[in-house]
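Keep in mind that what you see is a predicted model, and the values were worked out from it rather than measured. Convention: sequence-line order gives letters A, B, ...; per-chain numbering from 1. Because only heavy atoms are used, hydrogens play no part in the values below, and waters and symmetry mates are left out as well, while side chains stay in.
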Protein chains: 2
Amino acid sequence: MAPSSATRPARERLLTAAGELFYESGIAATGVDAVLARAGVSPATMYAHFAGKDGLVAAYLEERHTTWRQTWDAVLAGYRDPVDRLLSVFDAVGRFRQQQGNRRGCAFLAAATELPPGHPGQRWLEADSRLLTGRLHELAVAAALPDPADVAATLLLCYDGALSGYARAATTPGLPGDDPVGRARRLAAGWIATRTG
Amino acid sequence: MAPSSATRPARERLLTAAGELFYESGIAATGVDAVLARAGVSPATMYAHFAGKDGLVAAYLEERHTTWRQTWDAVLAGYRDPVDRLLSVFDAVGRFRQQQGNRRGCAFLAAATELPPGHPGQRWLEADSRLLTGRLHELAVAAALPDPADVAATLLLCYDGALSGYARAATTPGLPGDDPVGRARRLAAGWIATRTG
DNA sequence: GTCTATACAGCGATAGAC
DNA sequence: GTCTATCGCTGTATAGAC
């Protein structure tokens, strides 16, 4: 089992705390103090591990990107049918949300609003967009669909729409339209069906 | 024509400056000083018109909500066909972006990430979601489509996906998939066609 | 590597005059 | 209504000891 919170290294505790607070409350609105308090780490220790708050933010986004890619990898490995593989992005995001206990929308799109142009975390926002479009494009080619770039862009649109649905639900409870990911998957599957026929 | 920047009242200049800076650089990352400098207004004047930064943020979101609704109203008035009226949300968002010179995604979804739970601006985030779902639901009923709630949720998903596309493009230039709103409109139109047949 | 204590800056907000 | 000047807090980052 996982080591107790007291024995885990400070760096890991910091990343866990940062992941929860940055995702839940926003990056700019979350002070370093709050991360330190939740991690049970002193300021000096944090600055020994990360290049300031910006470095911590970048490390948070990198870890999230890596975990998301691994989750998608694992889901993808379970599918052989080319269309199932294309639609696996929706199954993966469902599993990812369950694993992480996520309540809000896409952490990378949220960070895109908050980070200034030269921020070191920008790299991972680009990595997220390129992973999604690149892999969806490959899977569209493997499925022998016409215009794979259009397929990738349309599926990305469904993916973003689904995650935005969670962001709306978080601020406006009681909004109609549950299960955004399921709805996005059905929408994408129906659209693909019109292109394979 | 519009009065020169020097003669416009301080309140209007503040709202214009706030709209540009909050939307472009994020709410939490934008200091009151920056808004004051751009508007050419002194601190005391701002606090005479708004209840602090929170009040200014709420006024910014309210004005944006009103302008967006008016833009949609104007576009909607030009359509008679029920399906065109349903799809008018995409034409309206295209026009709104052109009017405002917007570069990023949805201001309300972005604010949803940044504002803390009790913030006075939260009201306008809810208003945005309810305007979209409520009106789309009405238009689906008017179009005599089955399961209007599902129609509204699916079109909202396309709408959010389109705006997220702009957010991605703003951070990752050179990303494939131009014209997210056009793509969303085609996707939605095709989906509706499968339900009317 | 990790802590306590502190320096320093930026920002939100106010006082008081005109 | 609007200005100049300034207060006080919050938050980032560092110094120095253990």
[atom1] of [X] versus [atom2] of [N]: gap in Å, rounded?
{"X": "B/His49", "N": "C/dG12", "atom1": "NE2", "atom2": "P", "answer": "19 Å"}
{"X": "A/Phe50", "N": "C/dT2", "atom1": "CZ", "atom2": "P", "answer": "11 Å"}
{"X": "A/Leu14", "N": "C/dC3", "atom1": "CG", "atom2": "C1'", "answer": "14 Å"}
{"X": "B/Leu56", "N": "C/dA13", "atom1": "CG", "atom2": "P", "answer": "10 Å"}
{"X": "A/Arg13", "N": "C/dG1", "atom1": "CZ", "atom2": "P", "answer": "14 Å"}

If only side-chain N and O atoms count, and only distance matters, is there a donor-acceptor pair under 3.5 Å linking B/Glu114 with A/Thr113?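 There is no such pair (donor and acceptor under 3.5 Å, judged by atom type) between the side chains of A/Thr113 and B/Glu114.
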
side-chain hydrogen bond (donor to acceptor under 3.5 Å, both in side chains) partner of A/Thr71, the single match among A/Arg95, A/Gln98, A/Gln99, A/Arg97: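 Of A/Arg95, A/Gln98, A/Gln99, A/Arg97, side-chain hydrogen bond (donor to acceptor under 3.5 Å, both in side chains) with A/Thr71 is met by A/Gln99 alone.
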
Over all atoms of both residues, closest heavy-atom pair of B/Arg13 and B/Arg8: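 Result for this residue pair: NH1-O, 2.6 Å.
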
Nearest atoms (heavy-atom pairs only) where A/Val57 meets A/His119: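 The answer is CG1-CE1, 3.7 Å.
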
If the sugar-phosphate is the primed atoms plus P, OP1 and OP2 and the base is the rest, what is the B/S/- string for nucleotides 4-18 of chain D, using protein heavy atoms under 4.0 Å? BB------BBBB---

Can you name the one residue among B/Leu132, B/Asp91, B/Val93 that meets side chain to side chain contact (heavy atoms under 4.5 Å, CB included) with B/Trp72?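 Of all the options given, the one that passes is B/Leu132.
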
Close side-chain approach of B/Phe22 to B/Leu56, heavy-atom, < 4.5 Å: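 Touching, per the 4.5 Å side-chain cut-off.
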
